[in-house]
Amino acid sequence: MDFSLGAAVFYFHPLKCSVKLNRSFPWFGMDIGGTLVKLVYFEPVDITAEEEQEEVENLKSIRRYLTSNVAYGKTGVRDVHLELRNLTMCGRTGNLHFIRFPTQAMPRFIQMGRDKNFSSLHTTLCATGGGAYKFENDFRTMADLELLKLDELDCLIHGLLFVDRVGFNGHPECYYFQNPSDTQSCVKKPCTLDNPFPMLLVNIGSGVSILAVYSETNYKRVTGTSLGGGTFLGLCCLLTGCETFEEALEMASKGDSTNVDKLVKDIYGGDYERFGLQGSAVASSFGHMMSKDKRDSISKEDLARATLVTITNNIGSIARMCAVNEKIERVVFVGNFLRINTVSTKLLAYAMDFWSKGQLRALFLEHEGYFGAVGALMELLKTTEDP
Amino acid sequence: MAECVRVDSSTSTHTMDKSITLPPDEIFRNLENAKRFAIDIGGSLTKLAYYSTVQHKVAKVRSFEHNTKAASDKLYEISVQEEVTARLHFIKFENAYIETCLDFIKDHLVNTETKVIKATGGGAHKFKELIERKLGLKVDKEDEMTCLIKGCNFVLRNIPHEAFVYAKHADSEFRFQTTHPDIFPYLLVNIGSGVSIVKVESEDKFERIGGSSIGGGTFWGLGALLTKTKRFDELLQLASKGQHTSVDMLVKDIYGGSYGSLGLTGDLIASSFGKSATADKEFSKEDMAKSLLHMISNDIGQLACLYAKLHNLSRVYFGGFFIRGHPVTMHTITYSINFFTKGEVQALFLRHEGYLGAIGAFLKGAEEDNPNQYSWGENYAGSSGLMSVSPDMNPMQRARSGTFDMLEMDRLERQLVNLPLLQDPSSYIPDTVDLTEDALAREYWLYCFEEALDGVVKRAVASQPDIPEATERAEKFRQKYRHKLQTLRHQPFAYGSLTVRSLLDTREHCLNEFNFPDPYSKIKQRENDVALKYYQKAVKSLEELSWEQRQFALVRGVLAGNLTPSGPPHKCALFFVDNSGVDIILGVMPFVRELLSRGTEVVLASNSGPALNDVTNGELQILTERIAAMDPVIQAGLREDRLTLVQSGSSSPCLDLSRLDKVLAMVVRERQTDLVIIEGMGRAIHTNYYAMLSCESLKMAVIKNSWLADRLGGKLFSVVFKYEVPAGKPSQDSAALTPS
């Protein structure tokens, strides 16, 4: 079955495929991470009457289900504010929707794919992230679906560069913080990644990967750390009994980490001048918690804040060292850890600026954690043959 | 960053045992002459340092005046004199004992010159008032990091086998590093409550290039919150029993297997605590502690590697309370460094890491004495050894040593340097067999030394026939040395690599400790006397031989051989001599004489202090004078300065060519020495058998030990004769093991 326009159309931008292909709808890109599944869905808005007529019922119902809801089941969420409207992809115009749900719900998702008889649509499901490998067999046996598995770092970079190029509904995708060292005058400023290379790309998901990107196809993974978003949430759950990322961030926003962390001034009474360390710098994360009295008097909010600050500062520190070692001045932070997390974005901006004495600039992107999924979708549109 | 300042109140109650388990006078030794105190008070341990002088007996030889010669038929006079030497004492104990210890020090401190005590460490200000009140000394605070670095430089320079690599699953967990002649530059990663990363470029130049707030305090603080376990040690024990895979999200949890294209294995941690982001699961204390330990160790290791790479440094030492004597953390840090540098950088640890701050604070206070101008040596008799109080290693040992750990360092009379003729000083290893790595050899030698102990005790008593309490002292010596041997059986790594040399040296240190400075002095005297009587006769009979016959005779004499018979004579030969008596007089001297006659200058290097029946420099001076009086060749050699006697700087039956008297090194260089002769089991077999020199060398010995002869594939009393020419010079290497 073929629902797309019959003719091949040549185009150059923004997708680099040379031939507009007969891609059957639905168009999905999926990134199955350790904690979250990120799903992008292209909703064509230029459907002709003919197409409309030929569109099979379950394809229609998928489209309606996804676009008319903002929540799916108990845990699926559509980030409406991120929707890219009137986007042209492979000659088609449509809206790009951004949906996420916990990886734990993956079995239910596959179940749904079977119930909706997804395999009858003869589409290719492009998936990246570790889950593309982990769940490949489940997709096959439970839903009769064959995944096209894609490398997550390739997808991340392709997706990121694409979204940056098309922009965010007329606004730049990228932003930074002006005056990062001054909490009063620190403001978010949009910017463009006109000449993005080289950049150090720090992807903070459950864990962290750090890439040095020299061009769209030339990059290397410099290092990574296991202290990432999963660590923040995992520790917060253990320490405070919270259950969700939102809850943890909410608590963190109200807490004071200096009740938990030992600062330089707690040890030296002030700055440690011999080494140019400010008294307000954290000397030991959770250092106060060595004392029983302090453990007994601490609030959950303080603990959540300290966990957030500890993880964020550590990522900042490693990223900065990598930037210096790789001689790259532009550090781009992405990943869902940064979602609704201005505490961390501002802290990262401050850390980059302060410790590099203004040499490094931290950049952020509005679509934080969705680039892998976008990159997967782009692969779908690049593929020359239907399955 | 600093060690944690506060002691957990529960920790204090746990150890608030005011009684000292050992008699304090065995711990705070030589207090009566103590001066220049320094103290380093950490979160749980206090380290006290002081300088003291030790009076002990030394055997001196003195030539009889010619006019009084008739008064004795002996060759020279042996007198036991009292000598005062400098010693540094370092004692480490739990903070709970601090008051008791201060009281003890106050009661025993005779010297009143001392007005100030140098203090460092996070706890210094907390105990300032107590110290000032108890001791009547003014507390003078020193910067912690400066002290740490000074201490680190000091131990790296003065203690061979200070640094080691930790390998949990290897035959020998501790692999000690040879002392590099140039210790700079290096990276010191100090893991206290936070982490400081310091680049050290020279004695006075260092810079804190980075750090991290995720350190020992994070492990302790977060660990206490997560597991309700209060003590740091207990947290580590929990961690060593746990499984991190139930808490951490691994690569395989995300991928189902490995992430092949990036070479990330499935077992790699993708997200620390990544599995604990759930409300419906309980996690065990052990598993959480383990996960936390991995998280922190990996993080520190990663940062250390990034800094090492940025500053192009390959030597990275780790210290701080997080590391201190804990195999668990040494293992995780080592693992992390290996992972992040793909094995290019090795994590190094220090045997006396816990003392660095105290040593540094002491050195700051002793600057006017110029301690860095001297060479120092670890006194094996007075030092507890690595991990003697670590509960992880040996619970029995802990009970025996109490909670006090000691380090004593003797100021050596001579400054020690490398032999300039070492081919590659940085790879030179004096010892032939590392007993820490060779279990069979270790068993054998420990047994040997234990068997020989009775004989040594008897000899010690016999050497002081007129002193009734000698028996008692000899018994004490026996107990001490036997205890050392037992310690080494359990912890072969206690004093660095265990070697025949270290066993011999430990014995000498213990003998000295109990005032048996030279048990062989009278025996040596007698043998020298007898041998001298035969000297002229021996030389005469040698001279009557043909050249070739004479060479063989000389070989039999000193085991010396036909050295480049047809080539030009050597410019100068450096000869490390061995025993008194027949060996030196009838073996070495005729050979020296032959060399001199050939036009080769000779430098005779002998021990500075006594060890077994080895000839000392003092004895050799007298013997040479006597021989010169009989032998015009020797006399001319001395007169024309072609025969020189120097001291080696050593008091060991073995020989460490990287720690030789500075004067010897100077003479060797000035004389353009082109031949080195090393004689005897201790110097040429147990040590230096594999030493590579930049000039021709001859190593010779008679194997007087059947086990060793077996090992080398020969018979007892075989002769080892090893003549080597450095690569690039013509001639062949001839190592021979021939029955004598």
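This is a predicted model, so every value here is computed, not measured. A, B, ... follow the sequence lines: proteins, then strands. Residue 1 opens every chain.
Counting heavy-atom pairs closer than 4.5 Å to chain B, the top-ranked of the candidates A:Leu235, A:Asn137, A:Leu239 is A:Leu235. In terms of heavy-atom pairs under 4.5 Å with chain B, the best-connected choice from A:Asn314, A:Thr225, A:Thr310 is A:Asn314.
Rounding to the nearest 0.5 Å gives a distance of 10.0 Å between CG of B:Asp299 and OG1 of A:Thr231. Note: B:Trp220 CH2 to A:Met290 CE = 6.5 Å, rounded to the nearest 0.5 Å. Here CG of B:Leu222 is found 4.0 Å from CZ of A:Phe286. Values are rounded to the nearest 0.5 Å. For the atom pair CE of A:Met321 and OG of B:Ser212, the computed distance is 12.0 Å after rounding to the nearest 0.5 Å. To the nearest 0.5 Å, atom CG of residue A:Asp261 and atom OG of residue B:Ser193 are 11.0 Å apart.
The shortest heavy-atom contact between B:Ser276 and A:Cys237 is O-CB, 3.5 Å.
A donor and an acceptor atom, one from each side chain of B:Glu144 and A:Tyr272, are nowhere located under 3.5 Å apart. In this structure, a donor-acceptor pair under 3.5 Å is present between the side chains of A:Ser226 and B:Ser272.
Only the side chain of B:Thr146 comes within contact range of chain A, judged by heavy atoms closer than 4.5 Å. Contact annotation for B:Tyr307: both backbone and side-chain heavy atoms come within less than 4.5 Å of a heavy atom of chain A. Heavy atoms closer than 4.5 Å to chain A are found in both the backbone and the side chain of B:Leu225.
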